Amino acid sequence: MHWTSATPSMSVGEFETIQRFFRRSLPARDDVLLGIGDDAALVQIPDGHALVTVPATLSTADWDDSHGDGARLGRRAMAAAMNRLAAAGARPAWATLALTLPETRAPWLAAFSDALFAVAAPLSVALIGGDTTRGPFAATVVGHGILDADGAQSRALVRVDDAICVSGGPGNPSLDDVRADGQARMALGQWIRRRAGAAADTGDGLGPALAGLLASGNKLGARIDLSRLRAAPTPCQPGEELNRRGDLQLCFTLPDAGDAAIESAGDDSRETWTRLGVVTDSGVLECTRSDGQIVTLPVHAYQGAAP
Ligand code: ADP
Ligand code: MG
């Protein structure tokens, strides 16, 4: 592991790290009763609502992918957790951060925390606590969101003939450089829920997201057209385009979705989405690849993708 800060700098202590880089007052939320600085965070959940909690972890593999770039890792840590809240159809509210670093360097911490807050602030998400430890790099953001009573009671179902969709238009899906569209993604997640669809985040790749959705039914399969995705940057093995990590999109199913290849989720979300195919009862993934070749892959190949 190496550090990319251009200038050598002094290591900062844990207390100073928290005070300087993570204890920020923005955005102010009056539902945070106790936040950073207290032994435990305490938040107020509105009456009749449920709390949704989703962790997202970055490890040394993510460190290596980004060459230790603090800004990219900070953005991704927060965006991955927020994307999972979007998939749950939740309203984002709070986050905690568990951060393990081999060494605490001010320039890296500044880049990391600025990027983290740049994702959280437009969503009005407050960082309410965390833990800072020494060791090989790991960062876990736990996102906390709120679901209304209706959302909390209905479990999203996937059925044969549902449309399979992915957020973002062709040529568009990439959140590696997080766009200022967190709000739209949240609105899309809530819209999917209202439309009785089921959603999963694609942080581990489209294949695992789709497999997770299909696993909620018995022997469900899918027929999807991968030529509707943006072109793969380099030629890849069959199915590999389904495994690419990094794209933070929502993969989702919708009943009665019609046939349009690209649609937008209406007024409440300007997010566009691409229809990739349909849920089947075949138990396998039939994929038309970008070169027109059709390949059949077992759904379980993507289930419980190993780290
Ligand atoms: P403790 O001794 O209880 O572990 P810490 O010194 O680790 O306390 O933390 C002090 C306060 O700072 C706590 O409120 C904790 O939630 C918060 N905190 C620690 N690390 C982080 C972090 N990386 N991001 C946000 N809050 C943090
Ligand atoms: Mg601690």
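By convention here, the first residue in the shown sequence is residue 1. Numbering of ligands and ligand atoms starts at 1, following listing order. Note that the coordinates shown come from a computational prediction; the quantities given were computed from them, not determined experimentally.
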(request) Between Glu14 and ligand 1, find which residue part has any heavy-atom pair under 4.0 Å and reply side chain, backbone, both or neither. (result) side chain
(message) Could you tell me, atom by atom, which parts of ligand 1 come under 4.0 Å of a heavy atom of Ile36?
(response) 12 (O), 14 (O), 17 (C), 25 (C), 26 (N)
(request) May I ask you to decide if Ala88's main-chain N or O and Arg193's side chain share a donor-acceptor pair within less than 3.5 Å? (result) yes
(message) For atom 18 (N) of ligand 1, what is the closest protein heavy atom, and at what distance to 0.1 Å?
(response) Gly130 O, 3.4 Å
(request) Taking the side chain as every heavy atom from C-beta outward, state whether Val299 and Leu285 have any atom pair closer than 4.5 Å. (result) yes
(message) Can you check which of Leu101, Leu127, Leu99, Ile18 brings a heavy atom nearest to atom 12 (O) of ligand 1?
(response) Ile18
(request) Check whether any side-chain N or O of Ser167 sits under 3.5 Å from a backbone N or O of Gln249 as a donor-acceptor pair, and report yes or no. (result) no
(message) Among all protein heavy atoms in this structure, tell me which lies nearest to atom 3 (O) of ligand 1, with the distance rounded to 0.1 Å.
(response) Asp39 OD1, 4.6 Å
(request) Indicate the ring-plane relationship of Trp63 and Phe137, choosing parallel, tilted or perpendicular according to the 30° and 60° boundaries. (result) tilted
(request) Would you name the N/O/S atom of Asp131 that lies closest to the Mg ion (ligand 2)? (result) OD1
(message) Below 4.0 angstrom, counting only protein heavy atoms, does anything approach atom 16 (O) of ligand 1?
(response) yes
(request) Only one of Thr280, Leu210, Asp225, Val278 passes side chain to side chain contact (heavy atoms under 4.5 Å, CB included) with Ile164; say which it is. (result) Leu210
(request) Establish, from distance only, whether the side-chain atoms of Arg24 and Ser113 form a donor-acceptor pair under 3.5 Å. (result) yes
(message) Please report whether atom 26 (N) of ligand 1 has a protein non-hydrogen atom at a separation of less than 4.0 Å.
(response) yes
(request) For atom 4 (O) of ligand 1, grab the closest protein heavy atom and report residue, atom and distance to one decimal in Å. (result) Asp131 OD1, 3.7 Å
(request) For a side chain to side chain donor-acceptor pair (under 3.5 Å) with Thr140, tell me which candidate from Thr96, Thr57, Asp131 qualifies. (result) Thr57
(request) Could you tell me whether atom 6 (O) of ligand 1 has at least one protein heavy atom nearer than 4.0 Å? (result) yes
(request) Heavy-atom contacts with Leu97 under 4.0 Å: which atoms of ligand 1 show up? List them by number with element. (result) 22 (C), 23 (N), 24 (N)
(message) My question is simple, although I want it checked carefully: is atom 20 (N) of ligand 1 less than 4.0 angstrom from any protein heavy atom?
(response) yes
(message) Keeping Asp38 on the side-chain end and Ala40 on the backbone end, is there a donor-acceptor pair under 3.5 Å?
(response) no
(request) May I ask you to list the atoms of ligand 1 that are less than 4.0 angstrom from any heavy atom of Asp38? (result) 13 (C), 14 (O)
(message) Between ligand 1 and Ile128, is the shortest N or O to N or O distance under 3.5 Å?
(response) no
(message) Between Asp281 and Arg159 (salt bridge meaning N to carboxylate O under 4.0 Å), is one present in this structure?
(response) no
(request) If you have a sec, work out which protein heavy atom is nearest atom 11 (C) of ligand 1 and how many Å separate them, to one decimal? (result) Gly37 N, 3.6 Å
(message) Please give me the minimum heavy-atom distance between Gly89 and Gln190, naming the atom from each residue.
(response) O-CG, 3.3 Å
(message) To check your reading of the model: name the closest protein heavy atom to atom 23 (N) of ligand 1, its residue, and the distance in Å.
(response) Thr132 OG1, 3.1 Å
